[in-house]
S.K.: 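Below is a structure I'd like to ask you about.
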Amino acid sequence: MANYSVRVFISYREGILDPQGVAVEKAAHSLGFEKVKNVRVGKYITMEIEADSKEEVENEIREMAKRFLVNPVIEEYTFEITEK
């Protein structure tokens, strides 16, 4: 078995209001960063998984996302896997 490092990025789907993103954008503008736009705030989760293959890790991540990490109605996700 190998150890894998996993990073999961979760954000609101396109078209879903992101109040934190709006707040960050307004704060940036009020501080003079006028070129900032379309700010989205999300979640970043890191974990380590021991598995026989990268494919097994991918399946585990997809199952966790489906069961409890992501609300598929309003959120989407991507992930990165690296072997340690």
Side-chain angles (χ1 to χ4, degrees):
M1 283 206 170
N3 286 316
Y4 295 88
S5 178
V6 179
R7 293 184 289 198
V8 182
F9 306 91
I10 302 168
S11 60
Y12 285 115
R13 290 185 173 278
E14 196 65 37
I16 301 294
L17 177 65
D18 182 348
Q20 286 180 305
V22 171
V24 170
E25 185 174 327
K26 285 182 181 180
H29 291 173
S30 72
L31 294 171
F33 300 99
E34 293 297 326
K35 295 179 181 178
V36 173
K37 57 182 172 175
N38 300 322
V39 177
R40 307 294 281 178
V41 175
K43 296 180 260 185
Y44 172 65
I45 301 169
T46 62
M47 64 183 78
E48 292 182 13
I49 297 178
E50 189 176 296
D52 291 323
S53 67
K54 188 174 181 178
E55 291 76 26
E56 183 181 344
V57 176
E58 289 174 358
N59 290 335
E60 292 265 325
I61 294 301
R62 287 188 182 100
E63 187 64 24
M64 284 190 281
K66 184 171 81 173
R67 292 177 65 185
F68 69 94
L69 290 179
V70 178
N71 178 345
V73 174
I74 61 170
E75 295 175 322
E76 58 191 10
Y77 72 99
T78 60
F79 57 89
E80 296 174 356
I81 301 169
T82 54
E83 189 170 352
K84 293 186 85 177

S.K.: Nearest 0.5 angstrom please: Ile49 CD1 to Met64 CE, how far?
M.R.: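 Going from the CD1 atom of Ile49 to the CE atom of Met64 covers 4.0 Å.
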S.K.: Residues in salt bridge (Lys or Arg N to Asp or Glu O under 4.0 Å) with Glu48, at least two apart?
M.R.: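 Counting only residues at least two positions away or on another chain, Glu48 forms a salt bridge (Lys or Arg N to Asp or Glu O under 4.0 Å) with Lys84.
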S.K.: Just distance, no hydrogens or angles: give the donor-acceptor pairs under 3.5 Å from side chains in residues 14-25, sequence neighbours left out.
M.R.:
from: Asp18; atom 1: OD1; to: Gln20; atom 2: N; distance (Å): 3.3
from: Asp18; atom 1: OD1; to: Gly21; atom 2: N; distance (Å): 2.9
from: Asp18; atom 1: OD2; to: Val41; atom 2: N; distance (Å): 2.7
from: Glu25; atom 1: OE1; to: Asn38; atom 2: N; distance (Å): 3.1

S.K.: Arg13: what forms a side-chain hydrogen bond (donor to acceptor under 3.5 Å, both in side chains) with it, not counting sequence neighbours?
M.R.: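 Applying side-chain hydrogen bond (donor to acceptor under 3.5 Å, both in side chains) to Arg13 gives none.
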S.K.: Could you work out, with side-chain contact (heavy atoms from CB on, under 4.5 Å) as the rule, every residue matching Ala27, not counting sequence neighbours?
M.R.: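 side-chain contact (heavy atoms from CB on, under 4.5 Å) check on Ala27 returns nothing, list empty.
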S.K.: Can you run down the ring-ring contact (aromatic ring centres under 6.0 Å, His included) pairs that involve residues 59-84, sequence neighbours left out, and say none if there aren't any?
M.R.: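 Non-adjacent pairs meeting ring-ring contact (aromatic ring centres under 6.0 Å, His included): zero.
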S.K.: Let me check something: do Val39 and Ile10 share a hydrophobic cluster, defined by ILVMFWY side-chain heavy atoms less than 4.5 Å apart, either directly or through other members?
M.R.: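 Shared cluster, no.
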S.K.: Distance check, rounded to the nearest 0.5 Å: Met47 atom CE versus Ile81 atom CD1?
M.R.: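 That separation rounds to 10.0 Å.
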S.K.: Partners of Leu31 by side-chain contact (heavy atoms from CB on, under 4.5 Å), sequence neighbours excluded?
M.R.: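 With sequence neighbours excluded, Leu31 shows a side-chain contact (heavy atoms from CB on, under 4.5 Å) to Phe33, given in chain and number order.
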S.K.: Under the rule for side-chain hydrogen bond (donor to acceptor under 3.5 Å, both in side chains), what residues qualify as partners of Glu75, not counting sequence neighbours?
M.R.: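 Result, side-chain hydrogen bond (donor to acceptor under 3.5 Å, both in side chains) vs Glu75: Lys43.
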S.K.: Mind checking what makes side-chain contact (heavy atoms from CB on, under 4.5 Å) contact with Thr82, not counting sequence neighbours?
M.R.: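 Residues passing side-chain contact (heavy atoms from CB on, under 4.5 Å) with Thr82: Ser5.
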S.K.: Name all residues meeting the side-chain hydrogen bond (donor to acceptor under 3.5 Å, both in side chains) criterion together with Glu56; count only those two or more places apart in sequence or in a different chain, and write none if there are none.
M.R.: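 Counting only residues at least two positions away or on another chain, Glu56 forms no side-chain hydrogen bond (donor to acceptor under 3.5 Å, both in side chains).
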S.K.: Apply side chain to side chain contact (heavy atoms under 4.5 Å, CB included) to the pair Ile61 and Leu69, showing each step before the final yes or no.
M.R.: CA-CA 9 Å; Ile61 294 301; Leu69 290 179; 5.6 Å; no
S.K.: Determine which pairs satisfy ring-ring contact (aromatic ring centres under 6.0 Å, His included) with at least one residue from residues 7-27, sequence neighbours left out, and list them in order.
M.R.: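 Those involving residues 7-27 are Phe9-Tyr44.
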S.K.: Does any part of the side chain of Glu63, heavy atoms only, come nearer than 4.5 Å to the side chain of Lys66, both counted from C-beta?
M.R.: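 Result yes, sub-4.5 Å side-chain heavy-atom pair found.
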S.K.: Could you tell me which residues satisfy side-chain hydrogen bond (donor to acceptor under 3.5 Å, both in side chains) with Glu34, sequence neighbours excluded, listed by chain and number?
M.R.: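 By the side-chain hydrogen bond (donor to acceptor under 3.5 Å, both in side chains) rule, Glu34 matches no residue at all.
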S.K.: Among residues at least two apart in sequence or on other chains, which ones pass salt bridge (Lys or Arg N to Asp or Glu O under 4.0 Å) with Arg7?
M.R.: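 For Arg7, the residues satisfying salt bridge (Lys or Arg N to Asp or Glu O under 4.0 Å) (neighbours in sequence not counted) are Glu80.
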